[in-house]
Structure formats: C-alpha cells, structure tokens
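The first residue of the sequence shown is numbered 1, and numbering continues consecutively from there.
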Amino acid sequence: MPHDSSDLAQHLEEFERETSAATDRASWEQLRLKWLGRKRGIVRDLLSRLGSIEPERRKSFGQAVNRLKNAVETRVQELDDELTARERAASRQSAAVDVSLPGRPPAVGTVHPVSLVVREIVEIFAGLGFSVAEGPEVEDDFHNFEALNFPEDHPAREEQDTLFLEDGRLLRTHTSPVQIRTMLDREPPIRVICPGRVYRKDNDLTHSPMFHQVEGLAVGRGITFGDLKGTLEAFIHRLFSRETGVRLRPSYFPFTEPSAEVDITCPFCSGRGCRVCSETGWMEILGAGMVNPRVLQHCGIDPAIYTGFAFGLGIDRVAMIRFGIPNIRLLFDSDERLLRQVRG
Ligand code: FA5
C-alpha cells in the first residue's frame, strides 16, 4: 500500500475510473464498500497507517488522505443521488397512466329482484291502507302452528317438512305466524302486510329451502269474502296488468275457512297454454281465505263481532314470473349477470 502523497493521486485516478462503472445500485454499493467500507475500505486503511509514518511526513500525508476521503465521499454521494433520481423516473414511467384509454365505468349496484317485488307489493298495499308488520324468522310451535289451528298430526309439523332447532324452536315455514303476533298485539281494525323469509325442506326448480312470502291480514267488522276477492284482484291487476285473469279455487288451510288458492292467467302465454304453465293457461300464486274463527279466538278477538281475511303470496315465484327467471336457485346464487339483467 503506498505511503506517499503522489501515490494517493494514483488512488484518486483509480477511483475516478471506477465511478464510470457504477451504473446501477449493485455496482455503486461495491464501489462504496471498496473505498469507504468501515472494515476493509481503502480510505480507512490509509488513515490507519498514519501512525506508522515518519513524523515529518505525517502531516502532509494526512492532509492528502483527507482530500482523497472528501473527494471519494462527495462523488459516492453524487452517484447515489443520480441513481435515486433515475430509479424514481423509471418507477414513474412504469406506473404512468395512459390518459387516452377509455375509463372503466364504476360497477353500479342493483336492487335484487326479490327486493324489487317486495317494494312494489308494499307500495300497492300501502295505497289500500295496509301497513307493514314484521316477525322473527326463528319461531315457536305456538305461533307457527298451534295458534294457526294446525292439528297435532298435520304433516307440516313433521321433521321432513320443517327445519327444527335443537331447542325445539323452528325456522318459520310461512309468514302466517306474523298474523298471530299482530292480532295478539293490536285491536281491530287491522290491515297489515308482512313480507319476510321463510324456510322449508323443499328443493327443486320452483321450490327453494329458503324463500320469501308476503302475508296479508285484514280484521274488522263486516269484512267478507267479497272484500278478499276485490282486494286481491286490485292487487294482481296493479302488480301484473289489468288484463290478467284471476281465478279462485276452493282449497284448505287450517287457519282460514273457507280457503282458496288464487291463480292468474299465465303471463308467458296470456292464458293460451304453454310449457311454463303446464299447458293449463293458469299459474297459482297465492293461498287465501277468511280467518278461521278459532284463530281469532286464540288471539283474543271475538269472532261474533269481527271477521277477517288473510292471504299468503310466494314472492320468489312472482319475481320468476315477472323477470322470466326459469330456476328459483338463480335468485340466490349471487351471480351478478342475473342482477345486471334485472333492473327495476
Ligand atoms: C302458505 O304458506 C300459507 N301460509 C298461505 C296462506 C296465508 C293461506 C294466509 C291462507 C291465508 P303455501 O304453503 O301454499 O301456503 O305457500 C304459499 C306460496 O308460497 C305458494 O303459493 C308458493 O308461491 C310459495 N312457496 C311454497 N313453497 C315454496 C318453496 N319451497 N319455494 C318457493 N316458493 C314456495
């Protein structure tokens, strides 16, 4: 290792030659370590030799080493700044926005078809003086069956139809328990509709284990079957069209007497008969009837003074008819393509 100031000039030349090779981070780091490294760096090495130099030369040698040190430090710092500037420019380039590209439209959410139909039904009935009532989805036997006059051995009470919880409660199988809760809670006159989720052990093209119903209930003095028929016709004509035919067929529900099933002319073939309506020209959309006097009694309402009607409509089926959806499961698959097609 040279001990002379003139040799230090050679060091400086060597250093300057090497700086031209420091074009990237790795070679710059190599250069820095070789010249300024704390352990084996050349500058550190020269400084450590100061003590072994004859006293008369020590001063000038020390000054020369300091000049070399300052020159090396300054240049290493400059190179660092240059590299940093180049790295920043490169990263700006790669993240650059091409302002000539067309923008991506933001995804706009839509209302689910079932919610669309619920909104519409609520609005139609609000116009007829009905308000919305709600009840729990986890119910007990009393509200879901007993108060609704289901006999002890009714098949709906069996495990094969109803989803029971371990504590003996159950997932409501229809929205009719909300009738019971409303009548226990309020004095007539009552006019409510009750939309909500219901659950059954059912699963095929038109049946789902979770589906939606809207219950309707009107209780007051002098309410007749004619009121039920008129209300349902007004509702169906608003929901579908004035041309939609409405037909009531005798039926049976433990909680209504007399009971009816309500069909509408098939909206797909206007009643001519097609595959969707099994060539009958009609489609069943709801169950209805006059509230059974025993149910009124269970709720502390005197059937000698009051009468009432009730109905229960499958909302998912209406949504399927309304939007031409062939499989009920499509409603619950969360496939955005369905939602994009169905806009209210
Ligand atoms: C009932 O649930 C009665 N609570 C309706 C009622 C209320 C009658 C008040 C009288 C007075 P039903 O089991 O028929 O009735 O069901 C009513 C509607 O729910 C059916 O017409 C159908 O549209 C729909 N529905 C029934 N099961 C399913 C299912 N698994 N998936 C989808 N919709 C269903």
*Worked check of salt bridge (Lys or Arg N to Asp or Glu O under 4.0 Å) between E139 and R181*: CA-CA 11 Å; E139 266 297 3; R181 292 185 176 273; 2.8 Å; yes
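- Separation of atoms CE (M283) and CD1 (I264) is listed at 7.0 Å; rounding is to 0.5 Å.
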*Take E73 and W35, measure what side-chain hydrogen bond (donor to acceptor under 3.5 Å, both in side chains) needs, and give me the verdict at the end.*
CA-CA 9 Å; E73 278 177 351; W35 290 89; over 6 Å; no
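- One hydrophobic cluster, built from ILVMFWY side chains closer than 4.5 Å, holds both I193 and L228.
- A 4.5 Å side-chain heavy-atom check between I236 and I285 finds at least one atom pair inside the cut-off.
- Listed for the E215 side chain is a donor-acceptor partner under 3.5 Å among the backbone atoms of S176.
- Clustering ILVMFWY residues whenever any of their side-chain heavy atoms sit less than 4.5 angstrom apart, transitively, puts L128 in the very cluster that holds V132.
- When atom types are taken as modelled, the side chain of D333 and the backbone of D335 share no donor-acceptor pair closer than 3.5 angstrom.
- Residues L8 and F61 share a closest heavy-atom pair of CD1-CE1, 3.8 Å.
- Taking 4.5 Å as the limit, some side-chain heavy atom of R221 sits within range of a side-chain heavy atom of I305.
- Residue L170 is not grouped with residue V178 when hydrophobic side chains (ILVMFWY) are merged at heavy-atom distances under 4.5 angstrom, including chains of intermediate members.
- In this structure, F211 is not a member of the same hydrophobic cluster as V214, with clusters built from ILVMFWY side-chain heavy atoms closer than 4.5 Å.
- Atom CH2 of W28 and atom OG1 of T19 lie 13.5 Å apart (nearest 0.5 Å).
- Using a cutoff of 4.0 Å between basic side-chain nitrogens and carboxylate oxygens, E54 and R58 are not scored as salt-bridged.
- Residues V246 and H237 meet the side-chain proximity criterion, which asks for heavy atoms closer than 4.5 Å.
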*Let me see the working for D161 and R200 under salt bridge (Lys or Arg N to Asp or Glu O under 4.0 Å), right down to the final yes or no.*
CA-CA 6 Å; D161 289 309; R200 289 182 197 176; over 6 Å; no
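- With T244 contributing its side chain and F240 its backbone, the two residues share no donor-acceptor pair below 3.5 Å.
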_Full working for side-chain contact (heavy atoms from CB on, under 4.5 Å) between T265 and W282_ = CA-CA 4 Å; T265 44; W282 294 92; 3.8 Å; yes
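- Nearest heavy-atom pair across E137 and R197 is OE2-NH1, 3.3 Å.
- Between atom NE2 of residue H143 and atom CG of residue L184 there is a gap of 5.5 Å, rounded to the nearest 0.5 Å.
- A salt bridge is defined here as a Lys NZ or Arg NE, NH1 or NH2 lying under 4.0 Å from an Asp or Glu carboxylate O, and R119 with E123 fails to meet this definition.
- Within 6.0 Å of CD on E134 lie no more than 12 heavy atoms contributed by other residues, nucleotides or ligands.
- Hydrophobic clustering (side-chain heavy atoms under 4.5 Å, transitive across Ile, Leu, Val, Met, Phe, Trp, Tyr) groups L239 together with L248.
- For H154 (side chain) and F150 (main-chain N/O), no donor-acceptor pair under 3.5 Å exists by modelled atom type.
- Annotation for E56: atom CD counts as buried by contact number, over 12 foreign heavy atoms lying within 6.0 Å.
- Interatomic distance, CD of Q63 versus CG of L68, reported as 14.0 Å (0.5 Å rounding).
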*asked:* side-chain contact (heavy atoms from CB on, under 4.5 Å), that's the test. Do Q297 and I301 meet it? Break it down for me.
replied: CA-CA 5 Å; Q297 259 164 351; I301 294 175; over 6 Å; no
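- At distances below 3.5 Å, not a single donor-acceptor pair connects side-chain atoms of S278 with backbone N or O atoms of T280.
- Nearest heavy atoms, A133 versus P195: O-CD, 4.0 Å.
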*Might you work through the side-chain hydrogen bond (donor to acceptor under 3.5 Å, both in side chains) test for S27 and D24, ending with a clear yes or no?*
CA-CA 6 Å; S27 50; D24 58 22; 2.7 Å; yes
_Run E120 and R238 through salt bridge (Lys or Arg N to Asp or Glu O under 4.0 Å) and show every step you take._
CA-CA 9 Å; E120 219 173 312; R238 282 280 308 278; over 6 Å; no
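- For the pair Q10/E14, no side-chain contact is recorded, criterion being any heavy-atom separation below 4.5 Å from C-beta on.
- Residue-environment remark: CZ (R294) stays at or below the threshold of 12 foreign heavy atoms within 6.0 Å.
- Side-chain contact between D316 and V114: present, with at least one pair of heavy atoms (C-beta onward) separated by less than 4.5 Å.
- With contacts defined as side-chain heavy-atom distances shorter than 4.5 Å, the pair T173/V198 does not qualify.
- One finds the CG atom of L79 at 7.0 Å from the CG atom of L31 (value rounded to the nearest 0.5 Å).
- In terms of modelled atom types and a separation under 3.5 Å, the side chain of N292 and the main chain of P254 share a donor-acceptor contact.
- For the residue pair L12 and A71, the shortest heavy atom distance occurs at CD1-CB, 3.9 Å.
- Atom-to-atom distance recorded for L36:CG and K69:NZ is 8.0 Å, nearest 0.5 angstrom.
- At a threshold of 4.5 Å between non-hydrogen side-chain atoms, the residues L313 and I121 count as touching.
- Not one N or O on the side chain of T256 forms a donor-acceptor pair closer than 3.5 Å with the backbone of S259.
- Between R40 and D45, no side-chain nitrogen of the basic residue sits less than 4.0 Å from a carboxylate oxygen of the acidic one, so the salt-bridge criterion is not met.
- Classified by interplanar angle (parallel below 30°, tilted 30° to 60°, perpendicular above 60°), the ring pair F125/F130 is perpendicular.
- A donor-acceptor contact shorter than 3.5 Å is absent between the side chain of N144 and the backbone of R172.
- Ionic pairing of R25 and E87 is present here: one or more N-O contacts between side-chain nitrogen and carboxylate oxygen are shorter than 4.0 angstrom.
- Side-chain contact check for P209 versus D202: every heavy-atom pair is 4.5 Å or farther apart.
- Pairing each heavy atom of T74 with each of N70, the nearest pair is OG1-O, 2.7 Å.
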*Could you walk me through whether F15 and I42 pass the side-chain contact (heavy atoms from CB on, under 4.5 Å) test, one step at a time?*
CA-CA 10 Å; F15 171 73; I42 291 174; over 6 Å; no
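- Between F255 and H174, the ring-plane angle classifies as perpendicular under the 30° and 60° cut-offs.
- When atom types are taken as modelled, the side chain of H112 and the backbone of L331 share a donor-acceptor pair closer than 3.5 angstrom.
- A salt bridge is absent between E261 and R247: the closest approach of a Lys/Arg side-chain nitrogen to an acidic carboxylate oxygen does not fall below 4.0 angstrom.
- In terms of modelled atom types and a separation under 3.5 Å, the side chain of T162 and the main chain of F164 share no donor-acceptor contact.
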*Can you list the steps and then say if N203 with R329 is a side-chain contact (heavy atoms from CB on, under 4.5 Å)?*
CA-CA 9 Å; N203 212 359; R329 251 161 291 168; 3.9 Å; yes
